[in-house]
Number of protein chains: 2
Amino acid sequence: MLNYTTSEENYIKAIYRLQSADGMVTTNELAAEIQAKPASITDMMKKLKAKKLLNYQPYQGFRLNAEGFKVALMIVRRHRLWEFFLAEKLKFTWDEVHEVAEELEHVSNKKLIDKLDEYLGFPRKDPHGDPIPDANGKIEISKKICLSELPLNTIAVVASVGDQSSEILELLEHKKIAIGTKLEVKKKFEFDNSIEIKINRHPILTISEQLAKNIFVNYGE
Amino acid sequence: MLNYTTSEENYIKAIYRLQSADGMVTTNELAAEIQAKPASITDMMKKLKAKKLLNYQPYQGFRLNAEGFKVALMIVRRHRLWEFFLAEKLKFTWDEVHEVAEELEHVSNKKLIDKLDEYLGFPRKDPHGDPIPDANGKIEISKKICLSELPLNTIAVVASVGDQSSEILELLEHKKIAIGTKLEVKKKFEFDNSIEIKINRHPILTISEQLAKNIFVNYGE
DNA sequence: TTATTTTTTTAGCTTTGTCTAAATTTATTT
DNA sequence: AAATAAATTTAGACAAAGCTAAAAAAATAA
């Protein structure tokens with residue numbers, strides 16, 4: 001496994017994020033994700049193709065090959081271990097953690113990451129509920145869906161919030177729902193698509209359809 | 001305090017290291033320190049002068065001004081806190097620590113460093129005995145000298161080794177002297193300039209002049 | 001099927017940080 | 001004080017990673 005520049009790593013990570021099981025990633029999609037112009041994407045795709053990290057035919061989109069995928073998983077591993085460290089040990093709140101981890105993830109010393117992993121007790125998931133790949137790149141599958149699609153009586157972890165407005169944050173704070181909160185859906189009402197959820201031993205909470213569609217959760221082994 | 005590139009930070013750090021209380025740093029000196037060509041140094045000095053971090057007149061050498069000094073201290077702070085973390089928490093050995101800290105030191109999030117400092121218990125010195133600047137850039141003075149110059153009965157900490165040959169490392173290992181070892185000189189012999197030192201409650205050790213000249217220690221408040 | 005729109009790529013420019021080779025300034029000798 | 005040597009700076013080139021504007025290809029509409 002060679003070393004890649006911060007910029008290359010950011011492209012690889014973004015493609016990993018965008019590429020679903022089947023589809024190709026397009027130039028414009030990636031440009032939007034990475035906040036760059038399409039021309040810059042084309043340049044980098046040529047470079048990553050030359051480094052044999054992805055399949056790319058002009059005008060046909062691209063996707064990571066096996067090697068690119070492995071590299072992506074190591075970047076994700078670094079990111080999520082640092083996130084865990086920042087929250088668990090340095091007591092950062094979960095909304096602050098991502099930004100700092102974006103920087104730390106590019107320090108690519110393998111021994112550092114493996115020792116950090118050990119120090120943290122080999123965590124399998126970060127507190128968003130996102131799985132952390134192990135030193136060999138093995139990763140548990142877990143699905144991220146919106147709360148309105150969560151099956152009844154399935155414990156899930158709040159991973160992110162769609163709308164980031166202060167209004168929704170106020171409401172979430174009031175209901176004591178934050179990133180990392182474990183919850184399960186106890187009832188669904190067809191009339192208004194509202195749901196009732198349970199958090200630990202707290203009283204039942206009612207969530208409107210609108211709110212449920214803006215809360216994304218992780219669940220599964 | 002603005003943000004600087006990794007490259008700028010490496011130059012600032014190196015100038016800080018080279019500039020003694022009085023003197024100017026020269027182009028060639030810095031080129032040797034940083035492993036770059038003199039022409040590259042000149043380029044960067046123009047840039048850092050434009051950013052008002054140092055005094056520089058062509059052909060006359062340069063030195064950090066008050067602002068540059070402050071920036072340097074923050075870089076040193078980050079470096080030494082990461083070193084402390086790597087040794088203390090991740091159980092890196094002291095010879096591995098420097099290289100990794102060279103990378104981590106450029107992650108310049110202020111809150112990260114202040115929280116790391118707190119997490120580590122606000123250490124005042126790294127295990128080389130080098131002082132760690134606090135969040136305001138305050139730093140304890142401590143002198144680094146070679147063991148043969150250390151006054152009698154003064155506790156000091158082994159900070160570095162001059163010669164890095166396997167022969168000296170073998171000898172140091174045999175005598176159980178490592179970076180971070182606390183010791184004091186108990187006797188000096190004029191005949192061959194050999195010295196006798198004491199480490200904690202261990203028996204007295206004899207050190208030859210040749211060896212003493214290759215062991216550098218930190219001492220003082 | 002042709003025309004139009006959208007997407008993607010190409011061509012060429014910019015900045016950062018490096019380099020080499022040549023020119024210039026300062027220091028050292030004779 | 002000239003001549004020579006050493007140190008430093010300038011000039012010009014290059015690679016990385018971004019950009020804009022124009023060209024080309026693909027997709028969509030008429």
Side-chain angles (χ1 to χ4, degrees), chain A residues 2-16 18-20 23-64 68 71-72 75 102-103 105-108, chain B residues 2-16 18-20 23-64 68 71-72 75 102-103 105-108:
Chain A
L2 298 172
N3 274 333
Y4 301 98
T5 66
T6 294
S7 190
E8 288 169 342
E9 289 191 346
N10 283 334
Y11 278 84
I12 294 165
K13 201 177 41 152
I15 298 169
Y16 173 83
L18 292 175
Q19 102 182 8
S20 49
M24 286 287 190
V25 180
T26 70
T27 303
N28 272 358
E29 260 181 287
L30 185 53
E33 178 77 13
I34 247 175
Q35 310 260 61
K37 302 296 165 185
S40 308
I41 305 299
T42 301
D43 287 347
M44 186 59 93
M45 292 311 99
K46 286 185 197 162
K47 198 170 152 195
L48 295 181
K49 185 189 183 179
K51 296 196 176 187
K52 301 193 192 304
L53 294 175
L54 47 74
N55 301 115
Y56 165 57
Q57 291 302 110
Y59 297 104
Q60 311 296 226
F62 33 80
R63 77 201 281 35
L64 298 173
V71 173
I75 302 168
E102 286 288 300
E103 289 200 63
E105 72 185 3
H106 300 296
V107 176
S108 68
Chain B
L2 298 171
N3 275 332
Y4 301 98
T5 66
T6 293
S7 190
E8 288 169 341
E9 288 191 347
N10 283 334
Y11 277 82
I12 294 166
K13 201 178 37 153
I15 298 170
Y16 173 83
L18 292 175
Q19 100 183 11
S20 51
M24 286 287 191
V25 180
T26 70
T27 302
N28 274 359
E29 262 180 286
L30 186 53
E33 179 76 14
I34 248 174
Q35 310 259 63
K37 302 297 165 186
S40 309
I41 306 298
T42 301
D43 287 347
M44 186 59 93
M45 291 311 99
K46 286 185 197 163
K47 198 171 153 195
L48 295 181
K49 186 190 182 180
K51 293 197 177 188
K52 300 193 192 305
L53 294 175
L54 47 74
N55 301 116
Y56 165 57
Q57 291 302 112
Y59 298 102
Q60 310 296 236
F62 32 80
R63 77 198 312 319
L64 298 173
V71 173
I75 302 167
E102 286 288 299
E103 290 200 63
E105 74 186 3
H106 300 296
V107 175
S108 69

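Here is how names work: the chains are called A, B, and so on, in the same order as the sequence lines, proteins then strands, and each is numbered from 1.
For C:dT16, the OP1/OP2 oxygens have no side-chain nitrogen or oxygen of B:Thr5 closer than 4.0 Å. Considering only side-chain N and O atoms, A:Tyr11 lies nowhere under 4.0 angstrom from the phosphate OP1 or OP2 of D:dA16. A sub-4.0 Å separation between OP1 or OP2 of C:dC19 and a side-chain N or O of B:Ser40 is present. In this model, the phosphate group of D:dT9 is approached by a side-chain N or O of B:Tyr56 to a distance below 4.0 Å at OP1 or OP2. At C:dT10, one or more side-chain N or O atoms of A:Lys46 fall inside 4.0 Å of OP1 or OP2 (strictly under the cut-off). OP1 and OP2 of D:dA7 both lie 4.0 Å or more from every side-chain N or O belonging to B:Thr26.
Every pair passing salt bridge (Lys or Arg N to Asp or Glu O under 4.0 Å) that includes a residue from residues 3-12 of chain A is listed here, sequence neighbours excluded: A:Glu8-A:Lys47, A:Glu8-A:Lys51, A:Glu9-A:Arg78.
Distance, A:Glu8 CD to D:dA16 P: 9 Å, rounded to whole Å. To the nearest angstrom, P of C:dT15 lies 14 Å from NZ of B:Lys51. D:dA6 atom C1' lies 16 Å from atom NZ of B:Lys37, rounded to whole Å. Atom CE of B:Met44 is separated from atom P of C:dT15 by 16 Å (rounded to the nearest Å). Atom NZ of B:Lys49 is separated from atom P of D:dT9 by 11 Å (rounded to the nearest Å). Distance, A:Asp43 CG to D:dA15 C1': 13 Å, rounded to whole Å. For A:Gln57 and D:dA24, the CD to C1' distance is 17 Å, given to the nearest whole Å. Between the CG atom of A:Asn10 and the P atom of D:dA16 there is a distance of 17 Å, rounded to whole Å.
With values rounded to the nearest 0.5 angstrom, B:Ile75 atom CD1 is found 4.5 Å from B:Ile12 atom CD1.
When distances are taken from the side chain of B:Tyr59 to each of C:dT25, C:dT18, D:dC19, the shortest belongs to C:dT25.
Here the side chains of B:Phe62 and B:Thr27 are in contact, with some heavy-atom distance below 4.5 Å. Residues B:Gln57 and B:Lys49 have side chains in contact (heavy-atom distance under 4.5 Å, counting atoms from C-beta outward). Put simply, the side chain of B:Met45 does not reach to within 4.5 Å of the side chain of B:Val25, judged on heavy atoms. At least one side-chain heavy atom of A:Asn10 sits under 4.5 Å from a side-chain heavy atom of A:Glu105.
Heavy-atom nearest nucleotides on DNA chain D were determined for A:Pro58 and for A:Ala39, and the one closer to the 5' end corresponds to A:Ala39.
Considering all non-hydrogen atoms of both residues, A:Pro38 and A:Ala31 come closest at N-CB, 4.0 Å.
Looking at heavy-atom distances under 4.0 Å, B:Phe62 makes no contact with the nucleic acid at all.
Within residues 27-35 of chain A, the residues having any heavy atom under 4.0 Å from DNA chain C are, by residue number, A:Thr27, A:Asn28.
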